[in-house]
Amino acid sequence: MKTLGKILLFSLLAFMFIMLTGYTVYIAITSGLELDESKLVNYEQTITLYDGDGNKIESAALSGNRSAVRINNLNDYTKNAFIASEDRKFYSHNGINFQRMIKAAFRNITSFSFKEGASTISQQLIKNTHLSNEKTLKRKLQEIRLTRKLEKKYSKDEILEMYLNTIYFGHNCYGLQNASRFYFGKDAENLTLAESATLAGLLASPNNYSPFSNQEKSLKRRNIVLKSMLECSFISENEYNTAKNEPITVNQDMNFNQNSDYLSAVYRELESLNLDCYSELSGCRVYTYMNEEMQSRAADEKEDCDIAIIITNSENGVEAYRNTIKGAQRQPGSTVKPLLVYAPAIEEGIICPLTKIEDKFTNFGGYKPQNYDDKYHGNVTVAESIKHSYNIPAVKTLNALTIEKSYEYAKKLHLPLTDEDRGLALALGGMKYGFDIKQICDAYSVFRSGGNYATSHFIKKIEDKNGRTIYTAQNAEKNKAFSSGTCSVINQMLIETSKEGTAKKLKNFNFDVASKTGTCGNEHGNTDAYAVSYTSDHTFCVWLGDKDNKKIQYTGGGECCNVMKNLITTRYSSYSPSPLDISSGTKEIYIDREDYDNDGKITIADDACPKLNRLSLRCQQNFCPVAKSNKFSYPEIVRPDILVSNDNICIELCQTKYYSYLIKRDNIVIYDDIWKDKIYDAPSYGSHVYSVTPYYFDGKDKHFGKTVTLDRVNFRSEPNDILPPDITKKDWFAE
């Protein structure tokens, strides 16, 4: 018993020591902390955006005075939407919900993370206005001390009012009144139940749940808030069901202007940087890559369908962005052929531009692809297949590459594929979800950058309100997707696509433009059309389609290229970009034209090969052909025929365009000249042996090849000579 008492006493003393130590630390850390009332009522927070030239983007900020709301003017369901969503016990605790804090701390400890918070509305107000966003014990203790001071000085309604006037709602909206005007075009006191729940739902991730960015996510989040209000008995079951079934109707006037898509993307990227929107972003200056002229040009394109346009520069900065379907993923069609088929196959040494592939009907285990023109073109080169976007050669190339290899390169290009995409239809862009145009644009930018992949971005740098740079895009991560040699080879083939292929509407520019088009559809017609082009300075991507997959009248090589032509013309109205790199990492070789034309064989041309029989090939330097022809330095021929004709020996030579022949009878030269169909000889009576030696004369030297010795012949010139049985009065030949 005495032992138990000692244990209890020791435990009590230890507990008291820990509490005293903790309190001492708390006092030491929070000593001297005072509320700054001016920060609590600072309703002038704003983020200022600038374009690529450093000019303020006027449409990025809300115009007019930034007014505050009065708590007494708000509907109860507006106030309760935020209480149900953020702090259900707001009116019953003294600023700190210790029970919630302990639960959150336990979950964070067991998960080895700081993902779960337990801040009350009072704590959030203090953190947002007085402290940084760092997750440290010191900051948490300071937050608790200031929250206690806040609760002692202000009423709950005053705290809620200050909270609602300083909270960030995304799209540069600080405060409920500004958010209400931006999203719904009305004062906060006139918000409906559904609208109030929508705005409360934004706080978890403002731009992610923005109805302008993603109505589906916004709707789901709004309904979660409504459910919380029902659970708290703030609304009835009938009110819940009515509000839940309401569509989200946003303020169109605030959203639709020429910069709206670009600015929405900026705010999404801003949120992804995990900078605190109160301590770091409030009053900050965000410098973007937006080119005002190109953004205006993109916004002016009028089509009778949905449209998306993106233009990135050599720093992977987005100069213009328009997207009427809010970045939804679509099947990319033939735009994937260079990305997931041909470039990987070149990188792996499977093909080169002159590799011949037979374009004919092929059944790939039940998969029977067709060309867009419903024709087959026989043996075509890889370059021709890309230029004219033939489907069957692309599928055959993917089959040789393997789908697994294609997936490896898709990962390097940050192109998302699912397990359901593992089929040969991948070569033609057949996949479950597909890509958005930003992903396609980023992937194609690899070719003009020597194979280095980097995600494009809208924000160049951010300065806080004191002018200190807190973010710069120069730290963007890059990874190697292809060698420079593969990129050079692809560049050359896609330049030809602009000149003579499916993108030939772009052929008249006096500088290099590499392009690829794509069109998707079904038995009812086309649903998506693409054109992707790039120069040494920029990458352009255009998509035309319908968000509901309705039929469109456009193709990648048609109207998409018309839009592309307008964009490129505008961008280079004052200068021309440098040529694209078509040589780095490559080697130019000459192959034997005759071998290639006759058999499709790619062999290095003989040193003695004439110019007319040489064919130029630029290939990836690591995978140039090694087999070398010797048909000119050491000619070989098919064995000639020899027979008797009209009392003459006749030697029939095989036709070889470039060879001359040295023919001997019994080591006596009877012919030394260029090819003739037949060589005649009238030898004396007796037995003779003929030999034929081909050679190539390059204008200076004779290059002799392999001598062919013909069968011995017995020749009788007198007509009364007795000839062997069965061949009298007949021409004969030696076997």
Side-chain angles (χ1 to χ4, degrees), residues 69-107 115-128 143-144 147-148 150-151 154-170 175-177 179-180 183-184 186-206 208-211 217-248:
V69 297
R70 306 299 300 180
I71 196 71
N72 294 332
N73 294 334
L74 296 177
N75 293 310
D76 285 343
Y77 45 70
T78 299
K79 295 182 289 185
N80 290 335
F82 290 91
I83 292 172
S85 176
E86 298 297 312
D87 186 2
R88 294 186 180 188
K89 296 184 177 181
F90 173 69
Y91 281 103
S92 62
H93 61 61
N94 62 355
I96 310 296
N97 189 336
F98 288 103
Q99 181 180 2
R100 190 175 169 192
M101 285 181 64
I102 293 171
K103 287 181 179 179
F106 177 76
R107 292 193 184 101
K115 292 183 179 180
E116 187 162 345
S119 296
T120 63
I121 284 177
S122 301
Q123 287 175 280
Q124 289 183 50
L125 176 61
I126 289 297
K127 179 176 72 69
N128 295 343
E143 178 186 298
I144 292 173
T147 299
R148 298 295 300 120
L150 176 75
E151 288 277 338
Y154 296 98
S155 70
K156 288 290 186 179
D157 280 349
E158 288 175 322
I159 292 172
L160 182 59
E161 180 179 291
M162 290 185 289
Y163 172 78
L164 293 177
N165 282 320
T166 55
I167 202 73
Y168 183 63
F169 290 87
L176 181 61
Q177 176 72 343
S180 180
Y183 288 101
F184 299 112
K186 60 173 66 174
D187 290 333
E189 61 189 41
N190 298 321
L191 288 169
T192 66
L193 170 59
E195 291 168 344
S196 299
T198 299
L199 293 180
L202 290 173
L203 302 187
S205 180
N208 190 39
Y209 294 124
S210 165
K217 283 186 177 181
S218 182
L219 189 66
K220 289 181 179 179
R221 181 64 187 169
R222 180 201 69 181
N223 291 343
I224 290 174
V225 175
L226 289 171
K227 184 68 173 177
S228 296
M229 295 179 72
L230 177 64
E231 292 170 352
C232 293
S233 300
F234 290 149
I235 57 175
S236 67
E237 187 81 33
N238 185 54
E239 288 175 312
Y240 166 72
N241 289 326
T242 301
K244 184 180 70 170
N245 293 319
E246 285 184 23
I248 294 180

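Numbers here are sequence positions counted from 1. What you see below is based on every heavy atom in this structure, not just the backbone, and it leaves out hydrogens, waters and symmetry mates.
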- Mind checking whether S122 and I96 have side chains closer than 4.5 Å, heavy atoms only? no

- Using modelled atom types only, decide if a donor and an acceptor are shared between the side chain of K79 and the backbone of L74 within a distance under 3.5 Å. no

- Task: Output all residues satisfying side chain to side chain contact (heavy atoms under 4.5 Å, CB included) with N80, sequence neighbours left out; order by chain, then residue number.
- Result: D76, I83, M229, F234

- Message: Let me confirm one number: the CG-CD1 distance from L219 to I248, rounded to the nearest 0.5 Å.
- Response: 5.0 Å

- Atom of K156, atom of H93 and distance for their closest heavy-atom approach: NZ-O, 2.8 Å

- Message: Nearest 0.5 angstrom please: S119 OG to L125 CG, how far?
- Response: 11.5 Å

- For S210 and P206, indicate whether the former's side chain and the latter's backbone hold a donor-acceptor pair under 3.5 Å. no

- Query: Can you name the closest pair of heavy atoms from A84 and C232 and give their distance?
  - Reply: CB-SG, 4.3 Å

- Under a 4.5 Å cut-off applied to non-hydrogen side-chain atoms, are Q124 and L203 in contact? no

- Item | Flag, side chain of S180 to backbone of K186, donor-acceptor distance under 3.5 Å | yes

- Residues L193, L226; criterion side-chain contact (heavy atoms from CB on, under 4.5 Å); working and verdict: CA-CA 9 Å; L193 170 59; L226 289 171; 3.9 Å; yes

- Message: Checking the side chain of Q123 only, and the main-chain atoms of T120 only, is there a donor and an acceptor separated by less than 3.5 Å?
- Response: yes

- Say whether, by atom type as modelled, one donor and one acceptor occur between the side chain of R148 and the main chain of N94 under 3.5 angstrom. yes

- Item | Straight-line distance of Y77 OH to E239 CD, nearest 0.5 Å | 8.5 Å

- Would you say the side chain of L164 lies within less than 4.5 Å of the side chain of T78, judging by non-hydrogen atoms? no

- Message: Can you confirm whether N128 sits close enough to I167 that some side-chain heavy atom of one is under 4.5 Å from a side-chain heavy atom of the other?
- Response: yes

- Query: How about E86 and Y163: do any of their side-chain heavy atoms sit closer than 4.5 Å?
  - Reply: yes

- By side chain to side chain contact (heavy atoms under 4.5 Å, CB included) - contacts of D187 (at least two apart): Q177, R181, E189, N190

- From CD1 (I126) to CD1 (I121), nearest 0.5 Å: 13.5 Å

- Note on the structure: On a heavy-atom basis, the closest approach of E161 and I71 is OE1-N, 2.8 Å

- Query: Under 3.5 Å, is there a donor-acceptor pair between the Y240 and N223 side chains?
  - Reply: no

- Would you check if the side chain of Y183 reaches a backbone N or O of F169 as a donor-acceptor pair within less than 3.5 Å? yes

- Task: Compare every heavy atom of S85 with every heavy atom of A200, then report the nearest pair and how far apart it is.
- Result: O-OG, 3.9 Å

- Message: Could you measure the distance from the CZ atom of F82 to the OG atom of S228? Nearest 0.5 Å is fine.
- Response: 13.0 Å

- Query: So, are R222 and E195 salt-bridged, with charged N and O less than 4.0 Å apart?
  - Reply: no

- Task: To the nearest 0.5 Å, tell me how far I159 CD1 sits from Y91 OH.
- Result: 9.5 Å

- Correct closest heavy-atom pair for L176 and L199 would be CD1-CD1, 3.8 Å

- Item | Contact summary for Y209 and R221, nearest pair of heavy atoms | CD2-CB, 3.8 Å

- Any donor-acceptor pair under 3.5 Å linking the side chain of N75 with the backbone of T192? no

